[in-house]
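On a predicted model such as this, the values are computed, not experimentally measured, just so you know. Throughout, protein chains are lettered first and strands after them, A, B, ... in sequence-line order, and every chain is numbered starting at 1.
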2 protein chains.
Amino acid sequence: METIPFDVMDPACPSRVVLQRIGDKWTPLVFQSLKDGPRRFSEVRADIGGVTPKVLTQTLRTLERDGLVSRAVFAEVPVRVEYTLTPLGRSLLAPLEAVRAWAESHAATILEAREAFDAAD
Amino acid sequence: METIPFDVMDPACPSRVVLQRIGDKWTPLVFQSLKDGPRRFSEVRADIGGVTPKVLTQTLRTLERDGLVSRAVFAEVPVRVEYTLTPLGRSLLAPLEAVRAWAESHAATILEAREAFDAAD
DNA sequence: GGGGATGGTTTCCATGAGGAAACTATAGAA
DNA sequence: TTCTATAGTTTCCTCATGGAAACCATCCCC
């Protein structure tokens, strides 16, 4: 077993860029939408409340460029475009799912902590 | 077991805000720095390459407000300030660690995918 | 009273991420 | 030829994030 020559604590390390991509505003939600299989653009858009088409396209293109999502165009009428997690993308599913689950299950506690903090002088 | 009334796919749900806080630029790195125990401001700053004091303060304050980190001031000379993960914060450690480990171990693959994507017309 | 150490704060600024709204492309159906 | 549907693109704009640099507060020591 070699050690991995990547370290997120190093500002020059590419893994830090990768980490930030993972944590961007829409990526975890796209993964959540695609977790059960291929999904069309308009379906992903509907799954994720509040995302505009421009930003969704940007997000999907970036994920495609990074090899996490694949894009398939079907020459039907009207055209059908399916987005699917690649094997690499699926390997990220479990970590992201853990973070998402944590956020949902602890959101209430955090809201309470904020109120307590803001109430204190 | 009740179902959790929070859903990151709902744009009005507070859990989405929580998810985005977790995924912000410096939060995962602060967690990485604090994972083994209390740490001073200057130590955290040194651990995380490239963070400015202003931004580090902002990040730590936010984490403190959210109940994830506690701040202890010791009236020594010079003053000593220690930041520690709270139990709530420690419960987030495993999910964040999984994401960080994924980023480090797959960074090389992603860089390759990008080159391949950019090389294609 | 000057210096050094820690832990910040303050000001100012540039960049870019993201959003709103309108528009485009394709192609069959009516 | 107009309509519909999907899947975007384009333009413009705003706002927040983050960074650089300088400054501040405390307290002891010399």
Output one line per pair: protein atom, nucleotide atom from nucleotides 13-18 of chain C, and distance, for all N/O pairs under 3.5 Å.
unit_1	atom_1	unit_2	atom_2	d
C:dG18	N7	A:Lys54	NZ	3.4

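- Scanning for ring-ring contact (aromatic ring centres under 6.0 Å, His included) contacts around A:Trp102 gives A:His106, with sequence neighbours left out.
- Contacts between residues 37-49 of chain B and DNA chain C, defined by a heavy-atom separation below 4.0 Å, involve B:Arg40, B:Phe41, B:Ser42, listed by number.
- Computed from coordinates, the B:Leu56 CG to C:dT6 P distance equals 15 Å when rounded to whole Å.
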I would like to know whether B:Val69 and B:Thr84 meet side chain to side chain contact (heavy atoms under 4.5 Å, CB included); could you show each step before the answer? CA-CA 5 Å; B:Val69 160; B:Thr84 313; over 6 Å; no
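- Sorted by first and then second residue, the pairs that involve residues 68-78 of chain A and meet side chain to side chain donor-acceptor pair (under 3.5 Å), not counting sequence neighbours, are A:Arg71-A:Tyr83, A:Glu76-A:Arg80.
- The separation between B:Gln20 atom CD and C:dG19 atom C1' is 14 Å, rounded to whole Å.
- Within the 3.5 Å criterion, the main-chain N or O of A:Gly67 finds a donor-acceptor partner in the side chain of A:Thr86.
- Ion pairing between a basic and an acidic side chain is recognised when a charged N comes within 4.0 Å of a carboxylate O; B:Arg16 and B:Asp10 show no such pairing.
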For nucleotides 25-30 of chain C, give me every protein contact, N/O to N/O, under 3.5 Å, one pair per line with atom names.
none

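- Closest heavy-atom contact between A:Gly49 and A:Trp26: O-CZ3, 4.1 Å.
- Atom CG of residue A:Leu96 and atom CD1 of residue A:Ile22 lie 6.5 Å apart, to the nearest 0.5 angstrom.
- When distances run from any side-chain atom of B:Arg71 to the nucleotides C:dG7, C:dG8, D:dA7, the shortest one goes to C:dG8.
- Screening A:Glu82, A:Arg39, A:Glu43, A:Arg90 against A:Leu34 for a side-chain contact (heavy atoms from CB on, under 4.5 Å) leaves a single residue, A:Arg39.
- In this model, the phosphate group of D:dT6 is not approached by any side-chain N or O of A:Tyr83 to a distance below 4.0 Å at OP1 or OP2.
- Across the protein-nucleic acid pair, B:Phe74 atom CZ and D:dC28 atom P stand 18 Å apart, rounded to whole Å.
- Rounded to 10 degrees, the angle separating the terminal helix axes of the helix from C:dG1-D:dC30 to C:dA30-D:dT1, each built from five base pairs, is 20°.
- Regarding contacts with the backbone of D:dC27, every side-chain N or O of B:Arg80 stays at 4.0 angstrom or more from both OP1 and OP2.
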